[in-house]
Asker: 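Please see the structure below; I have some questions.
Throughout, protein chains are lettered first and strands after them, A, B, ... in sequence-line order, and every chain is numbered starting at 1.
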Amino acid sequence: MFKIATWNVNSLRVRLPHVLDWLDAERPDVLALQETKLQDRDFPLDAFRQRFYHALHAGQKTYNGVAILSRLPISLIADSFPGFDDPQRRVLHAQAGAIQVLNIYVPNGSEVGSERFEYKLRWLGHLRRYTAGLIAAGAGFAVVGDFNIAPAPEDVHDPATWEGRVLFSMPEREAFSGLLQQGLVDCFRIFPQAPGGYTWWDYRAAAFRRNLGLRIDHILASPALADRCRSCRIDTGPRGLERPSDHAPVMAEFET
DNA sequence: ATGGTAGTTCAACTA
């Protein structure tokens, strides 16, 4: 089995102990990280090397930053979408063993109708064009990361309240379903899941304790890869630790 | 339409 995981760590500097403990416990073949908030020179490469992980990082000071850790040697395919010159580091596409991983940190969008929201939709348009190219090329790949989109009412603790708000608005959900229409498969929904499966909980108002969350972190598989998916689950464990990220890791296993 | 918390950086911004 080949295990792929994704985790928005909201500062790798602060979360490194959690990430290392989790790596030791789960030993995923690939772990995609978002919001490292580090420049490349501050990336803790040695800590990962000691655990026999190769790593790539597209870093940025203060905001964003994406990384891929891999037990097999990893090679960079792209760290941006062609024709979209974006100073924000949100994309890392790499070959890890036999499969390609496209790690994304989709813009949050701030508020529906805002400048940042338009940037989010524009960004999602470039993503869609990029994945269309990968599918046309017949690549076996996974698109993983923080999509900042809850695709359906089952992915939202209170859909009525969230209706029309950023992370759950129709334009965002349509962008997500556009990816599924291309043939990408939401691995979490391949399998029966207990209700209330979320990946993000606001730090405020004891949201995690009350499970007031959203499922906005996803693992999408290309058609051929999806046929080999054998499990997908959210690990809420790290969200309950001291000084947690506001996101939980998601992982999927694929027949090799 | 605001508040609640967290991270980075140092008053304010992003999430």
Side-chain angles (χ1 to χ4, degrees), chain A residues 6-22 31-44 47 57-67 84 86-92 103-124 127 144-151 155-169 171-173 175-176 198-218 234-250:
Chain A
T6 178
W7 192 3
N8 180 325
V9 293
N10 184 21
S11 168
L12 185 55
R13 205 189 301 278
V14 172
R15 230 64 67 195
L16 186 61
H18 289 185
V19 172
L20 296 179
D21 286 349
W22 196 81
L31 173 58
L33 302 173
Q34 303 86 36
E35 284 204 88
T36 60
K37 300 185 176 181
L38 294 175
Q39 299 176 87
D40 289 337
R41 65 163 179 267
D42 296 320
F43 188 76
H57 183 226
Q60 180 183 339
K61 193 177 147 109
T62 311
Y63 302 115
N64 312 312
V66 284
F84 187 40
D86 188 356
Q88 302 191 27
R89 311 313 268 151
R90 298 176 173 278
V91 177
L92 196 52
N103 180 18
I104 59 171
Y105 174 45
V106 178
N108 169 282
S110 186
E111 274 183 53
V112 172
S114 68
E115 186 97 5
R116 282 197 185 83
F117 189 74
E118 293 309 312
Y119 165 64
K120 180 178 195 173
L121 296 183
R122 205 160 62 244
W123 198 98
L124 289 165
L127 170 64
V144 310
D146 178 357
F147 285 63
N148 268 317
I149 302 171
D155 304 312
V156 180
H157 68 89
D158 182 357
T161 296
W162 278 85
E163 190 65 50
R165 290 170 55 180
V166 76
L167 310 183
F168 190 55
S169 74
E172 295 163 90
R173 291 160 67 184
F176 188 91
Y198 308 129
T199 65
W200 171 83
W201 303 258
D202 199 296
Y203 281 123
R204 296 161 288 194
F208 179 64
R209 185 178 55 72
R210 302 193 284 158
N211 198 27
L212 306 181
L214 305 178
R215 190 175 71 95
I216 58 175
D217 301 84
H218 307 292
I234 301 160
D235 183 2
T236 55
R239 186 61 179 81
L241 299 174
E242 285 293 312
R243 264 196 120 186
S245 167
D246 45 352
H247 295 251
V250 185

Asker: Whole Å only: how far is the OH atom of A:Y119 from the P atom of B:dA15?
Answerer: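 Taking OH of A:Y119 and P of B:dA15, I get 9 Å after rounding.
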Asker: Please state the C1' separation for the pair B:dG4 and B:dA15 - nearest whole angstrom.
Answerer: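 These two C1' atoms come out 13 Å apart once rounded.
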Asker: Just how far, in rounded Å, is C1' of B:dA15 from CG of A:N148?
Answerer: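 Taking CG of A:N148 and C1' of B:dA15, I get 8 Å after rounding.
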Asker: Without decimals, in angstroms, what is the distance between A:R89 CZ and B:dT8 P?
Answerer: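 Distance check: A:R89 CZ to B:dT8 P gives 20 Å.
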Asker: My understanding is that only one of A:T6, A:N8, A:N148 makes a side-chain hydrogen bond (donor to acceptor under 3.5 Å, both in side chains) with A:Q34; could you say which?
Answerer: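 By the side-chain hydrogen bond (donor to acceptor under 3.5 Å, both in side chains) criterion, A:Q34 pairs with just one of A:T6, A:N8, A:N148: A:T6.
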Asker: Picking from A:N10, A:N64, A:T62, what satisfies side-chain hydrogen bond (donor to acceptor under 3.5 Å, both in side chains) with A:K37?
Answerer: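 So the option named by the test is A:N10.
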Asker: Closest-nucleotide mapping onto DNA chain B: is A:R165 or A:N108 further toward the 5' terminus? I mean the 5' end.
Answerer: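 Nearest nucleotide further toward 5': that of A:R165.
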Asker: Do A:H218 and A:P151 touch side chain to side chain, with heavy atoms closer than 4.5 Å?
Answerer: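 Result yes, sub-4.5 Å side-chain heavy-atom pair found.
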Asker: At 4.0 Å (heavy atoms only), tell me whether A:F208 reaches a base, stays on the sugar-phosphate, or touches nothing.
Answerer: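 No contact at all - A:F208 keeps every heavy atom at 4.0 Å or more from the nucleic acid.
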Asker: Nearest whole angstrom, please: distance from the P of B:dT5 to the CZ of A:R209.
Answerer: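 Distance, rounded to whole Å: 13 Å.
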Asker: Please list each protein N or O that sits under 3.5 Å from an N or O in nucleotides 9-12 of chain B, with the distance.
Answerer:
{"residue": "B:dT9", "atom": "OP1", "partner": "A:T62", "partner atom": "OG1", "Å": "2.9"}

Asker: Can A:T36 and A:H57 be counted as having a side-chain donor-acceptor contact under 3.5 angstrom?
Answerer: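 A donor-acceptor contact under 3.5 Å links the two side chains.
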Asker: Can you spot which of A:W162, A:Y198, A:W201 makes a side-chain hydrogen bond (donor to acceptor under 3.5 Å, both in side chains) with A:H157?
Answerer: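 Testing each of A:W162, A:Y198, A:W201 against A:H157, the sole residue satisfying side-chain hydrogen bond (donor to acceptor under 3.5 Å, both in side chains) is A:W162.
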Asker: Figure out the CZ/C1' separation between A:R90 and B:dA15, and round it to whole Å.
Answerer: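 It works out to 10 Å between those atoms.
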Asker: Using whole Å, what does the distance between atom P of nucleotide B:dA15 and atom CZ of A:R204 come to?
Answerer: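 Interatomic distance, CZ of A:R204 to P of B:dA15: 13 Å.
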Asker: Roughly how many Å apart are B:dA12 and B:dA1, using the P atom of each and rounding to a whole number?
Answerer: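 After rounding to an integer number of Å, I get 23 Å for this pair.
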Asker: For A:E111, look at atom CD and say whether over 12 heavy atoms of other residues, nucleotides or ligands are found less than 6.0 Å away.
Answerer: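 Counting neighbours around CD of A:E111, 12 or fewer heavy atoms of other residues, nucleotides or ligands fall under 6.0 Å, so no.
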Asker: Which is more 5' along DNA chain B, the nucleotide nearest A:S11 or the one nearest A:D246? Just name the residue.
Answerer: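 Here A:S11 is the residue nearer the 5' end.
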Asker: Which value, in whole Å, describes the distance between the P atoms of nucleotides B:dG3 and B:dT9?
Answerer: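 Per the computed distance, 26 Å lies between those P atoms.
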Asker: Mind calculating the distance between CD1 (A:I149) and C1' (B:dA15) to the nearest angstrom?
Answerer: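 After rounding, the gap between these two atoms is 16 Å.
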Asker: Using 30° and 60° as the class boundaries, would you call the ring planes of A:F176 and A:F147 parallel, tilted or perpendicular?
Answerer: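 Answer is perpendicular, since the angle exceeds 60°.
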Asker: Let me know the distance between CZ of A:R243 and P of B:dT5, rounded to the nearest Å.
Answerer: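 Rounded to the whole Å, the gap is 15 Å.
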